[in-house]
J.: 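Dropping the structure in here first, questions after.
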Amino acid sequence: MEEEYTRVINITIIGVISWGLIFIIIRRIFANYSFDFSTRIVSTLHATTAVALATLSIQDWSCPVCPIASTSSLRQMETLAFSLSYMIYDLICSHFDQVISIDNAVHHCVCILGFVAGLFYQKCGSEMVAALWITEISSPFLHLREILKEIGYRDTDLNLAADVCFATIFSLARMVGGPYLVYVTISADNPILIKV
C-alpha cells in the first residue's frame, strides 16, 4: 500500500514538472502564437493520453464502470495521478496568462480535490476513470476548433468538421454517459466526497 502511494506521488511530481517543460518547449516552438494556443496544445496532449490510459485501465469491457465502489487498481490510480499532475500544472500555468479566470481556478481546485480524494481512499477507481474518459474524450476537438481559428482556418470546412465532431462527441459522452455514471456513483456505497 505504501509503495502505491509512493508511486502515485512520484507520478504526480514528475508529471507536474514534465507538463511545465512540455509547455515551455511548445511555447518556444510556437512563439508567434498566443499563450492560449500553447496551453491548448498541452491540454490536447493530456486529453489524448488520459483517454488512452483510461481506456487501458478498464477491467471489464462488458461493464466499463465495473467493479463499482471497489478498491482502485494500480493502473487506475496511475491514470488518476497522471491527470492530477496535469490539473496542478494547468492551475499554476493559468496564473501566468494575462487574464486570470476565477471559474477556471475553482474548476481546477475541485478536480484536484476529487483526484486526491480518489487516490487517498483508493476506492471508486472505475467510476473516476470513467468520469475522466467522459470529460476528456471531446477535449481534443474542443481545442482543435480554437487552434484552427488561430492558425487561419476560421470559417472553413475543416473548422466546421471540428465543430461537428466536438458537438457530437461532447453531447453523446456527457448527455448519455454522464447521467448513467452519476447514477451508478451515487447509488453505490462510495465515500461522500466521491459522490459529491
J.: So Cys66 and Ser126, do their side chains get closer than 4.5 Å, heavy atoms only?
T.: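 Ser126 does not reach Cys66 side chain to side chain.
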J.: Going from OG on Ser38 to CZ on Phe23, what distance comes out if it is rounded to the nearest 0.5 angstrom?
T.: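 Rounded to the nearest 0.5 Å, the OG-CZ separation comes to 5.0 Å.
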J.: Going by atom types alone, do Ser43 and Tyr86 pair a side-chain donor with an acceptor below 3.5 Å?
T.: yes
J.: Taking atom CZ of Phe166 as the centre, does the number of heavy atoms from other residues, nucleotides or ligands within less than 6.0 Å exceed 12?
T.: yes
J.: Is any side-chain heavy atom of Met77 less than 4.5 Å from a side-chain heavy atom of Arg7?
T.: no
J.: Answer yes or no: is there a side-chain heavy-atom contact under 4.5 Å between Ile112 and Val116?
T.: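 Yes - at least one pair of side-chain heavy atoms lies under 4.5 Å apart.
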J.: Looking only at the aromatic ring of each residue, does the gap between the centers of Phe82 and Phe115 stay below 6.0 angstrom?
T.: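 No: the rings miss the under 6.0 Å criterion.
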J.: Within a 6.0 Å radius of atom CG on Asp60, are there more than 12 heavy atoms belonging to other residues, nucleotides or ligands?
T.: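 More than 12 heavy atoms, drawn from other residues, nucleotides or ligands, come within 6.0 Å of this atom.
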J.: List, one per line, each side-chain donor-acceptor pair under 3.5 Å for residues 169-179, sequence neighbours excluded.
T.:
from: Ser171; atom 1: OG; to: Ala167; atom 2: O; distance (Å): 2.7
from: Arg174; atom 1: NH2; to: Thr135; atom 2: O; distance (Å): 3.1

J.: Could you tell me whether Arg75 and Glu78 have a side-chain N and a carboxylate O separated by less than 4.0 Å?
T.: no
J.: For residues Thr79 and Leu132, determine if any side-chain heavy atom of one lies less than 4.5 Å from a side-chain heavy atom of the other.
T.: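 Yes - at least one pair of side-chain heavy atoms lies under 4.5 Å apart.
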J.: Ignoring hydrogens and angles, tell me if any N or O in the side chain of Glu150 forms a donor-acceptor pair with the backbone of Tyr33 under 3.5 Å.
T.: no
J.: Would Asp103 and His107 count as having a side-chain donor-acceptor pair, cut-off 3.5 Å?
T.: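 Note: Asp103 and His107 side chains miss the donor-acceptor criterion.
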J.: Are there over 12 heavy-atom neighbours, none belonging to Trp19, within less than 6.0 Å of that residue's CH2?
T.: yes
J.: Does Ser72 reach the side chain of Tyr121, with side-chain heavy atoms less than 4.5 Å apart?
T.: no
J.: Taking only residues two or more places apart in sequence or in another chain, which ones pass disulfide bond (SG atoms under 2.5 Å apart) with Cys109?
T.: none
